[in-house]
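Along the sequence shown, residues carry numbers from 1. Numbering of ligands and ligand atoms starts at 1, following listing order.
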Amino acid sequence: MTKVAENIYRKVVPLPNNPLREINAYLITGERNLLIDTGFNRPECEEALRSAFAELGISETDVFITHLHSDHCGLIQQFSTENSAIYAGETDGELINFEAGNLYWRMLDDLFIKYGFPKADFGRNTDIHPGRKYCHKKRVDFTYVAEGDVLEYGGYRLRAVCTPGHTPGHMCLYDEEKKILFCGDHILGTITPNICIELSAENPLGDYLNSLEKVERLEVRQLLPAHGTPIADMYARIRELKEHHRQRLEEVLGILDDSWKTAYVVAQYMTWEITCKGWEDFPAPQKWFATGEAIAHLQYLYFSGRIQREERNGVYCYRK
Ligand SMILES: [Zn+2]
């Protein structure tokens with residue numbers, strides 16, 4: 001565990017067999033404690049967090065969840081008590097409770113099929129989704145935070161900043177005086193945050209680019225992401241992320257011609273940093289994330305009027 005600032009600790013929680021490898025849980029200590037993000041609902045993550053609690057002598061904490069993904073909220077139940085406040089933005093909070101049931105995953109599967117992802121031959125594609133496997137299992141009684149709400153912990157005044165994009169209700173916490181931003185998966189140093197279609201988000205890349213501009217206007221000296229080490233220069237990283245998506249959009253445009261293609265087909269022609277011989281060798285979850293990212297870029301181009309979209313046999317297709 002590393003102390004990153006007065007009363008703020010970063011615990012690296014392992015994510016076994018996951019390409020992300022690990023997640024940062026942040027603990028702010030004080031009169032009341034605050035845990036920011038949790039790790040998957042699996043024993044390796046729980047063990048790591050328990051050791052951090054023991055090291056800091058913490059037995060009880062409030063919890064803030066940056067967004068709905070299971071590597072961030074999987075252990076809510078294990079690390080909260082009846083005295084804990086559990087904070088999240090309303091959009092992702094509602095989705096977190098929705099994803100504890102079956103309907104969310106069925107709807108997500110149907111959504112991908114609508115964009116050309118093939119139906120699974122073993123049931124639902126989402127049956128093997130890692131986010132589903134390591135999800136929390138019960139409804140959470142959230143205290144919802146909205147843009148501008150302030151949480152006070154450990155001598156910090158943490159203002160909620162809505163940053164939709166990576167998920168529809170992603171939220172950061174910002175201390176204006178200390179110039180610290182807990183940015184969840186909104187900005188990551190070593191990888192590009194996955195931008196993927198989600199229930200209730202038709203143009204996630206559009207949302208994401210707007211949210212990047214929003215945090216670019218904040219004065220930030222210490223950027224604390226949910227994966228990887230703290231990022232030294234947020235502004236330089238934002239410029240890189242914008243450039244990455246600009247190039248990705250050009251790449252997608254270059255793949256399209258005057259024939260109709262689904263997002264699933266476009267994804268196969270995009271370049272991916274994965275050591276596989278070809279698309280057929282991609283592990284199923286990677287095909288899923290790749291297609292999600294193709295959809296995000298196609299939808300952005302469609303909403304900016306640069307390409308056409310048509311529903312053909314119940315499936316969205318795109319062309320120039
Ligand atoms: Zn995430």
Side-chain angles (χ1 to χ4, degrees), residues 10-26 35-42 45 49 63-76 86-100 104-105 108 111-112 126 129-136 140 142 160-173 181-201 204-205 207-209 211-212 215 223-231 237-238 241 244-245 273 285-286 288-293 295-296:
R10 176 168 79 98
K11 176 66 186 175
V12 176
V13 175
L15 303 172
N17 309 320
N18 189 284
L20 286 168
R21 295 214 299 270
E22 50 199 30
I23 180 170
N24 299 318
Y26 292 98
L35 168 67
I36 301 176
D37 290 340
T38 70
F40 278 132
N41 182 11
R42 51 184 302 180
C45 300
L49 260 192
V63 185
F64 179 87
I65 300 297
T66 57
H67 65 288
L68 66 89
H69 291 150
S70 308
D71 52 331
H72 298 257
C73 67
L75 289 168
I76 294 179
I86 307 171
Y87 305 105
E90 186 169 358
T91 305
D92 274 28
E94 291 288 316
L95 286 169
I96 285 169
N97 277 329
F98 197 27
E99 74 185 353
Y104 170 84
W105 298 100
L108 194 63
L111 186 69
F112 268 67
T126 45
H129 194 294
R132 179 173 198 178
K133 204 165 157 200
Y134 303 120
C135 192
H136 61 289
V140 181
F142 282 110
V161 183
C162 295
T163 45
H166 177 65
T167 63
H170 190 287
M171 203 163 262
C172 299
L173 287 177
L181 182 70
F182 293 92
C183 64
D185 282 3
H186 183 44
I187 301 170
L188 301 174
T190 46
I191 54 164
T192 316
N194 180 254
I195 308 300
C196 184
I197 196 88
E198 184 47 79
L199 304 188
S200 87
L205 183 58
D207 296 337
Y208 181 67
L209 295 174
S211 295
L212 280 182
V215 300
L223 185 64
L224 301 174
H227 304 279
T229 49
I231 296 162
R237 186 60 185 146
I238 288 177
L241 291 170
H244 166 84
H245 288 293
E273 277 178 27
Q286 298 313 117
W288 178 273
F289 292 120
T291 303
E293 203 150 330
I295 298 169

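Annotation: side chain to side chain donor-acceptor pair (under 3.5 Å) contacts of Asn194 (sequence neighbours excluded): Glu293. For Tyr87, there are no ring pair (Phe, Tyr, Trp, His ring centres under 6.0 Å) partners, not counting sequence neighbours. Looking at residues two or more places apart in sequence or on another chain, you find a ring pair (Phe, Tyr, Trp, His ring centres under 6.0 Å) between His227 and His72.
The aromatic rings of His186 and His170 sit tilted, their planes meeting at an angle between 30° and 60°.
Just one of Ile197, Leu68, Asp207 meets the side chain to side chain contact (heavy atoms under 4.5 Å, CB included) condition when paired with Pro168; it is Leu68.
Less than 2.8 Å away from the Zn ion (ligand 1), the protein contributes these N/O/S atoms: His67 NE2, His69 ND1, His166 NE2, Asp185 OD2.
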Exercise. Would His166 and Ser211 count as a side-chain contact (heavy atoms from CB on, under 4.5 Å) if you check the C-alpha gap in whole Å, the side-chain angles of each, and the deciding distance to 0.1 Å?
Worked result: CA-CA 10 Å; His166 177 65; Ser211 295; over 6 Å; no

